[in-house]
Protein chains: 2
Amino acid sequence: MFKPTFMRSIPRLCPTLTRRAYFNQGDIHEKIAEDDLFIHKDEAVRFMRSCMEVKGCPPQHSERLALNLLEADYRGHFSHGLNRLAMYVKDIESGNCDPVATPSVIKESASTALIDGKNGLGVVVGEYSMKLAIQKAKEAGVGWVCARSSNHFGICQWYTQMALEDGFLGISSTNTSPLVTPTRAKTPVFGTNPISIAVPGLNGDSFILDMSTSSVAVGKIEIQMRKNQPLPSTSWALGTDGKPTTDPHEAFYKSSGLMPLGGSEVNSGYKGYGLGMAVDILCGLMSGSQYAQNIRKWTNHDVAADLGQCFIAVNLEEFAPGIPDRVQSLMDQLRSMESVDTKNPVQVPGDPERAAMDTVDDEQQGAIKYTPDHITSYRKLAQDLGVDPMRPIQRDNVA
Amino acid sequence: MFKPTFMRSIPRLCPTLTRRAYFNQGDIHEKIAEDDLFIHKDEAVRFMRSCMEVKGCPPQHSERLALNLLEADYRGHFSHGLNRLAMYVKDIESGNCDPVATPSVIKESASTALIDGKNGLGVVVGEYSMKLAIQKAKEAGVGWVCARSSNHFGICQWYTQMALEDGFLGISSTNTSPLVTPTRAKTPVFGTNPISIAVPGLNGDSFILDMSTSSVAVGKIEIQMRKNQPLPSTSWALGTDGKPTTDPHEAFYKSSGLMPLGGSEVNSGYKGYGLGMAVDILCGLMSGSQYAQNIRKWTNHDVAADLGQCFIAVNLEEFAPGIPDRVQSLMDQLRSMESVDTKNPVQVPGDPERAAMDTVDDEQQGAIKYTPDHITSYRKLAQDLGVDPMRPIQRDNVA
């Protein structure tokens, strides 16, 4: 089975929003000691696996989901890790996701396949589909697989990393609930529709782009609101009137939507809008799943998500020899460039995650540092489900 | 042979820079009457074909190049049309492009191919490669073709339109000379590295995204400079110090580079940087051509360009039935959305080009309206090459 390694991507911010939407508890502000925040990776996996098993998810599926979520936290993408567990549990409880389902092939050709995810866990559908894409790339040069009836599948790069393990180029993408408003419009149509593209360098190093096609994540707006500070840009969110706002409360509670990558029209936001639409075509329209405004709102757990996803693998051996050498050479060159910001070097897509993983392993004894909100919320979930809560590590000499 | 139709894409601006760099004549300000600006499409094609033939380009290659350039002007992308002819001529004169060369297959598999462009015309390499991609998509589901030793190939959408003619999804991309500076860096590394993605709708309508991965084109900065107005955004260009500038003269003459799509780091410019790098991996690194800073500067005609390009075709019949219907439905929905700008409707990628073509056909009797600069420059070229200059149309009742 595919295991997380040392390959990394572009930062995405960490909304605690989904967890809060689930819990919405008064007890969320319970005092948590600093020492209680550090949970070892293995312990977090144990906890997440147990919660899923208690809800009727088979051990193998529970394991894959737990590893997938842990990987996000390990890489610093807290929005897509433990933070999402409660949503997965809720979708199973409400009958809107079938934790037992396994995907199947609807149709296929030498280099393509259409998959029925059967409303199973996104990670199960995604791993099945990317494995098939890799197999087809081995046989035909390219594997291009679209899946329908899927669910949230975690970080996109989980699947492009699978392609990297075979030395292949990988692309993965998913559509998501409407949040992003097309240029000139006043209503969200597309999700943040992320896409990951990964290509191997040398010695485990690699290029891993993993980006939403929106300007920023909702989490960035939430952070400004909590700090009671204006948004630092007019390229993030639209206000009530459909025009850019910097008021964080308006942007969070009364927004006409997130802006696409680029922001306003003068900054070519229509390119981000076009990219988000292209992702939905590759994922939703090509697979025959829900798409655009037909996808359920992200707070709605009354219907199945029926997401569409796309997985591509390309055998680099079929192209010019030495691709990983050139990728490595280019990455080395970029990292050695003079930076305008003496405190922060020039990076390549994947480097922020490398730094996050180094912090976990080198400075935190293999433990993820969660927030007090995370810990409080998941103590409550443990209680509700009758699962042992996560135990923090015994820390030595940690400042 | 592939012929231009009624499919359209996102706007790119129109630098007159390349033409000016070639001519740099005092006579560029010669007075041109309004009536002299309207050149019928057929006449423009005749002129461009003749100029190429005079320089030793075979009739068939000259025809393809002329149609390719005309298509850009027809769609309102004047930067990539007649405006580029002088550059093609110069590259042939200097021996840095071989107008006679025809491409060949270096290696191939069921769904992939690597092409040697042999330093031929970009349009010849591109059409050859996209045809092969489409053929492979018919046989294997996907065709993924990379070409090296190529030259400037015009607008990306020329090739994705070829895929549309077969009802396929098309993707095309090229690397270009360094102009865009990675996030935090002070020196351009990547070109504007455009990418087109096209998918058919119904009755000739289609989604055609065609976008550079930079925030804006150089031409937009040039326009502000001529108007002596500041740049309207801090997301366009870096000043001498590597920080965003709004001074158009600094941005044009002493810039540390264009900013990637998104602009500054706070607006996720690292996503545009990552996309531009991904394009160079797909085009330059996978094909074994020049890439990143190794590509000649765009004013340098002392060496061959040796560009890398990528062409992908996907047979939509291999996925869920009814894709064009859903594409059409989504486009119709988007176009009918309420706009924040009552004068300008919500559009989908391709609509600005539709409007430009309608203007040519409905309001200008099939004539492209060039600028006085264009006309003056190309009168001079006609004289230099001994080719009949372009004759304007006899206009009826044009305001």
Side-chain angles (χ1 to χ4, degrees), chain A residues 10 107 109-112 114 140-142 144 146 148 182 184-187 189 197 199 207 209 211 215-216 232-233 235 242-243 261-263 266-268 270-272 274 277-278 281 285-288 291-292 314 316 318-320 323 326-327 330 334 337-341 344-346 348-349, chain B residues 10 107 109-112 114 140-142 144 146 148 182 184-187 189 197 199 207 209 211 215-216 232-233 235 242-243 261-263 266-268 270-272 274 277-278 281 285-288 291-292 314 316 318-320 323 326-327 330 334 337-341 344-346 348-349:
Chain A
I10 270 184
K107 62 200 285 193
S109 72
S111 64
T112 65
L114 176 64
V142 177
W144 190 302
C146 291
R148 70 185 184 209
R184 299 183 186 164
K186 293 180 172 182
T187 316
V189 174
I197 305 175
V199 190
F207 167 92
L209 181 68
M211 53 172 266
S215 180
V216 297
S233 163
S235 290
K243 294 182 180 162
L261 175 59
V266 72
N267 288 335
S268 309
Y270 46 84
K271 295 181 183 179
M277 186 168 171
I281 291 170
L285 282 72
M286 281 177 66
S287 72
Y291 61 90
V314 181
L316 297 177
E318 298 294 351
F319 296 92
I323 295 169
R326 288 191 291 282
V327 170
L330 179 56
L334 287 161
M337 288 184 82
E338 186 189 356
S339 174
V340 284
D341 174 355
N344 293 300
V346 176
V348 300
Chain B
I10 270 184
K107 63 201 285 193
S109 72
S111 65
T112 65
L114 176 63
V142 177
W144 190 301
C146 291
R148 70 186 184 208
R184 298 183 187 165
K186 294 180 172 182
T187 316
V189 174
I197 304 175
V199 190
F207 168 92
L209 181 67
M211 54 171 266
S215 180
V216 295
S233 161
S235 289
K243 294 180 179 161
L261 175 60
V266 74
N267 288 336
S268 309
Y270 47 82
K271 296 181 183 179
M277 186 168 170
I281 290 170
L285 282 72
M286 280 177 65
S287 71
Y291 61 89
V314 180
L316 297 177
E318 298 295 351
F319 297 92
I323 295 169
R326 289 192 290 282
V327 169
L330 180 56
L334 288 160
M337 290 184 80
E338 186 188 357
S339 175
V340 286
D341 176 355
N344 292 299
V346 176
V348 300

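Proteins come first, then strands; the chains are lettered A, B, ... in the order of their sequence lines, and each starts at number 1. Below, all heavy atoms of this structure are taken into account, side chains as well, without hydrogens, waters or symmetry copies.
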- Query: Which of the residues A:Ser215, A:Pro232, A:Gly242 is involved in the greatest number of heavy-atom pairs with chain B at under 4.5 angstrom?
  - Reply: A:Ser215
- Got a sec, which residues hit salt bridge (charged side-chain N to carboxylate O under 4.0 Å, His left out) with B:Arg184, two or more places apart in sequence or on another chain? B:Glu265
- Might you work through the side chain to side chain contact (heavy atoms under 4.5 Å, CB included) test for A:Met277 and B:Leu209, ending with a clear yes or no? CA-CA 9 Å; A:Met277 186 168 171; B:Leu209 181 67; over 6 Å; no
- Message: As an exercise: rank B:Gly272, B:Ser111, B:Gly262 by heavy-atom pairs under 4.5 Å with chain A and give me the winner.
- Response: B:Ser111
- Pick from B:Gly288, B:Ala292, B:Ala110, B:Ser109: which one has the most heavy-atom pairs with chain A under 4.5 Å? B:Ser109
- Who wins among B:Leu114, B:Leu285, B:Val327, B:Asp341 for the most heavy-atom pairs under 4.5 Å with chain A? B:Leu285
- Checking A:Leu316 against chain B: side chain, backbone, both or neither under 4.5 Å from a heavy atom? side chain
- Message: For B:Pro182 versus A:Leu334, what's the shortest heavy-atom pair and its separation?
- Response: CG-CD2, 3.6 Å
- With a 4.5 angstrom heavy-atom cut-off, could you sort out which part of A:Val199 is near chain B: side chain, backbone, both or neither? side chain
- Query: Which of the residues A:Val216, A:Ile197, A:Val189, A:Leu330 is involved in the greatest number of heavy-atom pairs with chain B at under 4.5 angstrom?
  - Reply: A:Leu330
- When A:Arg326, A:Arg148, A:Lys243 are compared by non-hydrogen pairs under 4.5 Å with chain B, the top option: A:Arg326
- What are the two closest heavy atoms between B:Gly274 and A:Phe207, and how far apart are they? O-CZ, 3.6 Å
- Which pair of heavy atoms, one from A:Ser339 and one from B:Lys186, lies closest together, and at what distance? O-CE, 4.2 Å
- Query: Checking heavy atoms, do the side chain of A:Met286, its backbone, both or neither come under 4.5 Å from chain B?
  - Reply: both
- For A:Leu261, is it the side chain, the backbone, both or neither that has a heavy atom under 4.5 Å from a heavy atom of chain B? both
